[in-house]
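Proteins come first, then strands; the chains are lettered A, B, ... in the order of their sequence lines, and each starts at number 1.
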Amino acid sequence: MFSENLHFFEKLSIFLIETKIPHEKIKFLKNTISLKGGFIVTNPSTADVILTILKSPARISRYIGSETRKPIVSIEWVDKCVSKGARIEFVDYLIRGIEEDAMDWTTVEEEEEDQDLFDEDSNSSSSRSPIYTSENEHSDDGRDVDLDPRFLNTSYECLRPTPLKPKFNAKLVELLEVIERAREVNDQWRNALSYRRAIAVLKSYPRDIISHKEIKKIRGIGSKIGYQIESYLRTGTITEAEHILQDKRFHTLELFASIFGVGFKTALSWYRKGYRTIEDCKNHPNLTKAQQLGLQLFDDLREKTLPQNSPFSKRRMSREDVEEIYNIIKENVKKLDPGCVLQPVGGYRRGKELNGDLDLIISHPDEERVPSLLNDVITTLTEGGYIKNLLYRARSESRTGIIDHLEKCFVAFLQPSTQIKRQVDFIIATQSQFASALVGWTGSRQYERSLRRYAKREKKMVFASHGLFTNTKPRILIPTSTEREIFDILGVPWLEPEMRNC
DNA sequence: TGGCAATACTG
DNA sequence: CAGTAT
DNA sequence: GCCA
């Protein structure tokens, strides 16, 4: 008899911030929503409405990134709808501080893009938990398995070796990386970071994961990612990742963010303006200088964010490409001043086959020579017809006039054999900075993060690529002359660059 | 419940 | 200060 | 998203 009310959430996609909501209540909400025709999505950008119990906008924003266009509503609204038996206005339940932006949602239809089912329906993976309480459904993934004793169960990636090409868990890693990138382009960097840490774990784990009981013991894998892995073990894939890969919006955002000078915020804002191609971006009214360069050189550089197998990235450098460029630079620099010391770092030093750029430290035993070094190098290579553009330059005299950092310059370098402009990052270091520059510029990104976090948390030190310091009022420089010495002082194990690929 | 790497340039 | 780069 |  109230059949007209049965589906009062018809086609409404809802993102639920589960934090602080009691478990039972979550179950109730999810049940109610799907019962009434609505569905849960696991990404705020695809939701019509965001439900939460939280009150502070700051707290909320960490769950939804910069997604401010969607109405954020207290869960009491659902209760009210249920008691009225109808979908009521949520004006009275909007969370303060976001109404401004949220109001323009009343016009959802008009403003919303094509079918961005980013992960609509990933409710299939996160909201159905009651269905399989699993225990004995599958013979091989429910076993209680101890962690492999060779694996160091720490949250610091820098304490354990991570090879470039792990022998195990490759497919799983690949899928989780998709989700990581999706979180990133959606401006949820904390979530992306969690995925990155979980991925690092799997890359260093010395065998295939076979049991979900096993994974829950690992630091860095919690309930959400644990659930994703569990579902992977059952089905051989992760639905959310599959959906993301089908999603045009995701690919467009990644494409935009791969432009030098364009980050995730800009990529999102351009997408919202309706841009869909690189040509659209070129017509943007006020491009920054970096973006102009990034667009102008797009076909050469690309590489910023895109994974190796992206259809847009065909231009990574083989090791031979890198060596060709390195040799040219070395020759020219030695001619300029035979005392110079050159050291390629970055992915190349870690053994990567395909590199997006070349990172190169240049040093000189004579401190006096160092300040003028970068200019001379750039000038020589520009006159030689190699350096075509300057992408970024950190001057030695900063605003404060203090030179506590490394002088550096990123350029577009014309590779003779291919006539492709490659990004080369020059880093200048004095001899006393050389060791930390080496550690700091070899990476990986995640390795650097963990090393610095470890230095701060466990050793009360600050590590930066220009030096190791005490974490005291005025920082005191701890002199270091070799990589090994830095590792020793920090108390982290020596890892070959090839084992820093987390 | 705070914190997640650290640092510099641009606009 | 927000955004981007490493 | 996860941990201390």
Side-chain angles (χ1 to χ4, degrees), chain A residues 17-20 42 54 56 58-59 62-63 65-66 126 153-158 176 179-180 183 187-199 201 216 218-228 257-269 286-294 301 304-305 345-347 356-357 359 361 390-400 402-410 423-427 436-437 439-458 461-469 471 475:
Chain A
I17 302 175
E18 301 185 6
T19 306
K20 293 286 177 188
T42 57
L54 303 171
S56 120
R59 187 98 168 115
R62 69 199 269 163
Y63 296 98
S66 61
S126 73
N153 195 6
T154 170
S155 54
Y156 294 107
E157 292 88 346
C158 60
L176 291 175
I179 303 180
E180 179 200 6
R183 295 292 180 271
D187 198 25
Q188 298 168 284
W189 64 268
R190 295 162 234 266
N191 308 40
L193 179 58
S194 290
Y195 275 89
R196 176 39 56 191
R197 289 181 180 163
I199 288 162
V201 164
K216 288 181 184 152
I218 298 176
R219 289 201 228 183
I221 299 183
S223 66
K224 296 276 192 52
I225 296 177
Y227 186 86
Q228 304 273 39
S258 79
I259 303 165
F260 184 90
V262 178
F264 304 122
K265 308 273 190 186
T266 307
L268 270 170
S269 86
N286 29 33
L287 293 166
T288 67
K289 237 176 181 175
Q291 290 163 353
Q292 291 173 24
L293 268 172
L301 300 181
K304 200 179 62 180
T305 317
V345 283
D357 67 0
D359 303 303
I361 300 176
L390 300 187
L391 300 170
Y392 173 98
R393 173 82 185 256
R395 309 183 298 280
S396 55
E397 292 285 322
S398 75
R399 294 175 190 186
T400 54
I402 301 166
I403 318 147
D404 64 341
H405 59 277
L406 301 169
E407 215 183 342
K408 48 188 172 290
C409 184
F410 309 153
Q423 181 170 341
V424 177
D425 299 348
F426 291 95
I427 298 100
S436 50
V439 175
W441 281 86
T442 295
S444 66
R445 178 174 141 102
Q446 192 53 31
Y447 181 85
E448 297 299 328
R449 289 174 151 189
S450 71
L451 188 71
R452 292 162 199 225
R453 193 160 48 96
Y454 185 85
K456 183 155 80 176
R457 297 287 235 279
E458 312 295 333
M461 293 180 205
V462 178
F463 177 73
S465 50
H466 58 89
L468 182 60
F469 305 87
N471 194 9
R475 290 178 178 177

Between A:Y392 and A:F410, how do the two ring planes meet: parallel, tilted or perpendicular, split at 30° and 60°?
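Ring orientation, 0 to 90° scale: parallel.
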Before accepting this row, confirm whether a basic side-chain N of the pair A:E458/A:R453 lies closer than 4.0 Å to the acidic partner's carboxylate O.
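Salt bridge absent between A:E458 and A:R453.
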A:K265 with A:D187: basic N within carboxylate O range, under 4.0 Å
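Salt bridge present between A:K265 and A:D187.
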Of the candidate nucleotides [options], which contains the atom at the shortest distance from the side chain of [X]?
X	options	result
A:Y195	C:dT6, B:dC4, D:dG1	D:dG1
A:A394	D:dC2, B:dC9, C:dT6	B:dC9
A:R197	C:dT6, B:dA5, B:dC9	B:dA5
A:H466	B:dA5, B:dT7, D:dA4	B:dT7
A:R453	B:dA5, D:dA4, B:dA8	B:dA5
A:K265	D:dA4, C:dT4, B:dA5	C:dT4
A:K289	B:dC9, B:dG11, B:dA6	B:dG11
A:Q423	B:dG11, C:dT6, C:dG3	C:dT6
A:K224	D:dC2, C:dG3, B:dC4	D:dC2

Interatomic distance, [X] [atom1] vs [N] [atom2] [rounded to whole Å]:
X	N	atom1	atom2	answer
A:R457	B:dC4	CZ	C1'	7 Å
A:K456	B:dG2	NZ	C1'	12 Å
A:Y454	B:dG3	OH	C1'	19 Å
A:Q188	D:dC2	CD	C1'	15 Å
A:N191	D:dC3	CG	P	14 Å
A:L301	C:dT4	CG	C1'	15 Å
A:R393	B:dA8	CZ	C1'	14 Å
A:L193	B:dG3	CG	C1'	10 Å

Nearest 0.5 angstrom please: A:I218 CD1 to A:I225 CD1, how far?
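So the CD1 of A:I218 and the CD1 of A:I225 are separated by 11.5 Å.
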Would you compute the distance between atom OG1 of A:T266 and atom CG of A:L287 and round it to the nearest 0.5 angstrom?
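A:T266 OG1 to A:L287 CG: 10.0 Å, rounded to 0.5 Å.
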So, OP1 or OP2 of [N]: does either fall under 4.0 Å of a side-chain N or O from [X]?
X	N	result
A:K408	B:dT7	no
A:Q228	D:dG1	no
A:R183	D:dG1	yes
A:S223	D:dG1	no
A:R475	B:dT7	yes

Would you classify [X] as touching base, sugar-phosphate or nothing, given that sugar-phosphate means primed atoms plus P, OP1 and OP2, and contacts are heavy atoms under 4.0 Å?
X	result
A:I218	sugar-phosphate
A:S465	nothing
A:Q291	nothing
A:I427	nothing

5' precedence on DNA chain B between A:Y392 and A:S194 (nearest-nucleotide basis):
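The residue whose closest nucleotide sits nearer the 5' end is A:S194.
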Find which nucleotide of DNA chain B each of A:A290 and A:A464 is nearest to by heavy atoms, and output the residue with the more 5' nucleotide.
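Result: A:A464.
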For atom [atom1], what is the distance between [N] and [M], given to the nearest Å?
N	M	atom1	answer
D:dG1	B:dA8	P	33 Å
B:dC4	C:dA5	P	22 Å
C:dT6	B:dG3	P	28 Å

Strictly distance-based, threshold 3.5 Å: is any side-chain N or O of [X] a donor or acceptor partner for the main-chain N or O of [Y]?
X	Y	value
A:E157	A:Y447	no
A:S436	A:G467	yes
A:S465	A:W441	no

Begin with the C-alpha distance, continue with both residues' side-chain angles, and end with the deciding distance and a verdict on side-chain contact (heavy atoms from CB on, under 4.5 Å) for A:L193 and A:R449.
CA-CA 10 Å; A:L193 179 58; A:R449 289 174 151 189; 2.7 Å; yes
Give the residues of residues 443-451 of chain A touching DNA chain B, defined as any heavy atom closer than 4.0 Å, sorted by residue number.
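Contacting residues: A:R445, A:R449.
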Contacts of type side chain to side chain contact (heavy atoms under 4.5 Å, CB included), residue A:A464, not counting sequence neighbours:
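Scan of A:A464 (side chain to side chain contact (heavy atoms under 4.5 Å, CB included), adjacent residues dropped) gives A:H466.
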